[in-house]
Protein chains: 2
Amino acid sequence: MLDATSTSEPIDAQALRRQVAAAVRQLRARSGQSLAELANAAAIGKSTLHAIESGDANPGIETLWALASALGVPFSDLLEPPSPAVRVTRRGDAPCVTDAESTMHAHLLTSMRHVARVEVYDLLLHPGPCRDADPHHAGTIEHVLVTAGRLRVGPSEATVELDTGDFASFPGDGQHRYEALVEDTRAVLTIEYP
Amino acid sequence: MLDATSTSEPIDAQALRRQVAAAVRQLRARSGQSLAELANAAAIGKSTLHAIESGDANPGIETLWALASALGVPFSDLLEPPSPAVRVTRRGDAPCVTDAESTMHAHLLTSMRHVARVEVYDLLLHPGPCRDADPHHAGTIEHVLVTAGRLRVGPSEATVELDTGDFASFPGDGQHRYEALVEDTRAVLTIEYP
DNA sequence: ACGAACTGTCCGTTGTAGCGAACGATCGTG
DNA sequence: CACGATCGTTCGCTACAACGGACAGTTCGT
């Protein structure tokens with residue numbers, strides 16, 4: 001019901017510029033490109049890119065689109081702050097919706113918008129580490145709800161421990177782990193492909 | 001190395017302008033605002049808004065942000081084409097995937113393509129009938145995996161009984177029912193909005 | 001040590017995004 | 001029918017986004 005589209009939204013123009021600046025700098029650093037290289041790849045001026053990265057420019061959407069294309073990321077990655085590595089919702093923390101007769105209690109765990117594909121898995125795990133054989137496509141996000149037992153999940157460098165009823169979301173395009181901590185651990189896995 | 005992030009992307013600047021133009025026109029029409037009203041609400045010039053809606057402008061991100069705010073939609077709604085019609089491809093059986101060490105058994109329950117929004121709920125139900133108060137938008141589909149207890153679900157005229165571990169999908173835009181048959185029935189509900 | 005080839009930053013110029021004001025079109029109302 | 005009100009449109013004007021080129025601070029080879 002309640003939308004609450006996302007997290008911290010830029011409120012003023014200043015914050016918006018800083019957000020774009022930070023995103024571009026970070027993405028360019030990740031790709032290892034130099035300022036001139038990226039400017040050339042995106043077919044924009046070096047000074048233009050510099051101004052954007054410095055936060056003292058209000059780039060047009062065409063310029064920004066060229067940048068996003070050259071960086072190989074969707075448009076919104078430049079405009080919205082990156083989501084944290086792992087988002088955990090502990091049992092009971094999620095907003096609860098109850099019907100009139102109070103026969104049903106629904107906890108909204110997550111909401112995905114504009115996704116191309118979603119898969120839902122029923123997971124049964126035995127204790128022991130289990131690394132995903134094939135890393136998924138860039139941009140995939142995994143959502144895990146533990147329905148029985150205890151589970152350690154997340155990106156390899158930042159795993160979290162979930163109890164029964166806990167929920168977590170994390171990027172699935174990098175190295176990540178699933179490790180049941182007790183016998184007969186069960187979970188529902190929802191994979192979100194961009 | 002070409003992106004191919006998602007669906008139909010604007011390839012050139014021309015298409016991008018037309019996309020933004022169409023989105024703004026449509027959203028403004030939906031909100032019932034006049035051009036002058038929206039321009040005033042977004043604190044931008046009427047002529048600016050007209051140019052954007054006509055597709056002969058390359059608006060800056062600040063202008064576009066102000067527009068998205070005034071329209072009450074996330075930024076990306078103006079830049080990415082609206083999600084195409086829903087086409088649900090349901091997999092009847094649940095193929096089982098097992099990793100090398102046999103510590104994890106994953107059953108693919110369903111796969112949704114090209115959906116605009118997906119919500120995941122953790123459900124706790126007490127025995128007794130429970131009719132959904134507000135029927136969802138046309139085209140929504142609900143997917144239910146019972147993780148504990150027994151549950152009777154489905155469209156009011158065709159409910160089915162699910163045991164623990166069973167999974168079902170059914171349209172959620174009509175009259176439908178949730179009824180736990182035993183105490184402490186739990187389920188994971190995935191709602192798929194077109 | 002010395003260029004050569006880079007890095008990112010700072011100018012001068014130009015095209016245009018964005019603005020307010022003026023414009024004709026359309027619609028009710030006295 | 002004439003009138004004000006509102007619709008979307010068009011027209012200069014100004015500010016600035018975007019450009020190429022010049023600039024200083026690096027890491028390379030030889």
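Note that these values count all heavy atoms, side chains included, but never hydrogens, waters or copies made by symmetry. Lettering follows sequence order; numbering is per chain, from 1.
The shortest distance between the side-chain N/O atoms of A:Arg17 and the OP1/OP2 oxygens of D:dA17 is below 4.0 Å. The shortest distance between the side-chain N/O atoms of B:Arg25 and the OP1/OP2 oxygens of D:dG8 is not below 4.0 Å.
Separation of the P atoms belonging to C:dG24 and C:dG28 is 22 Å when rounded to the nearest angstrom. Nucleotides C:dC2 and C:dC6, compared at atom C1', are 16 Å apart to the nearest Å.
The interatomic distance linking A:His50 (NE2) with D:dG20 (P) rounds to 16 Å, in whole Å. Rounding to whole angstrom units, CD of residue B:Gln33 and P of D:dG8 are separated by 11 Å.
The backbone N or O of B:Ile61 sits less than 3.5 Å from a side-chain atom of A:Asn58, completing a donor-acceptor pair.
Counting heavy atoms from C-beta on, the side chains of B:Leu79 and B:Leu64 come closer than 4.5 Å. Between A:Tyr178 and A:Leu189 the shortest side-chain heavy-atom distance falls below 4.5 Å. Residues B:Val146 and B:Asp163 form no side-chain contact, since every pair of their non-hydrogen atoms from C-beta on lies 4.5 Å or further apart. Side-chain contact between A:Leu49 and A:Val24 is present, with at least one heavy-atom pair separated by less than 4.5 Å. At least one side-chain heavy atom of A:Leu78 sits less than 4.5 Å from a side-chain heavy atom of A:Leu27. Residues B:Asp77 and B:Leu71 are not in side-chain contact: their nearest non-hydrogen atoms beyond the backbone lie 4.5 Å or more apart.
A heavy-atom distance below 4.0 Å to DNA chain D is reached by these residues of residues 34-49 of chain A, ordered by number: A:Ala43, A:Ile44, A:Gly45, A:Lys46, A:Ser47, A:Thr48.
Cluster annotation: A:Leu145 is not connected to A:Leu181 through the hydrophobic network of ILVMFWY side chains, with a link wherever side-chain heavy atoms come within less than 4.5 Å.
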Side-chain atoms of residues 34-44 of chain A: list all donor-acceptor pairs with protein atoms under 3.5 Å, sequence neighbours left out, distances to 0.1 Å.
from, atom 1, to, atom 2, distance (Å)
A:Ser34, OG, A:Ala36, N, 3.4
A:Ser34, OG, A:Glu37, N, 3.1
A:Glu37, OE1, A:Ser34, N, 2.8

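Identified under the salt bridge (Lys or Arg N to Asp or Glu O under 4.0 Å) test for residues 59-73 of chain B, with sequence neighbours left out: A:Arg17-B:Glu62.
In terms of position along DNA chain D, the nucleotide closest to B:Ser54 lies nearer the 5' end than the nucleotide closest to the other residue of the pair A:Ile52 and B:Ser54.
Residues that satisfy the side chain to side chain contact (heavy atoms under 4.5 Å, CB included) test with A:Ala22, not counting sequence neighbours, are absent from this structure.
Nucleotides of DNA chain C that come within less than 4.0 Å of any heavy atom of chain B span, from the 5' end to the 3' end, C:dA17 to C:dA22.
Summary of helix geometry: the two end axes of the helix from C:dG8-D:dC23 to C:dC27-D:dG4, each defined by five base pairs via their C1' atoms, are inclined to each other by 20° (rounded to 10°).
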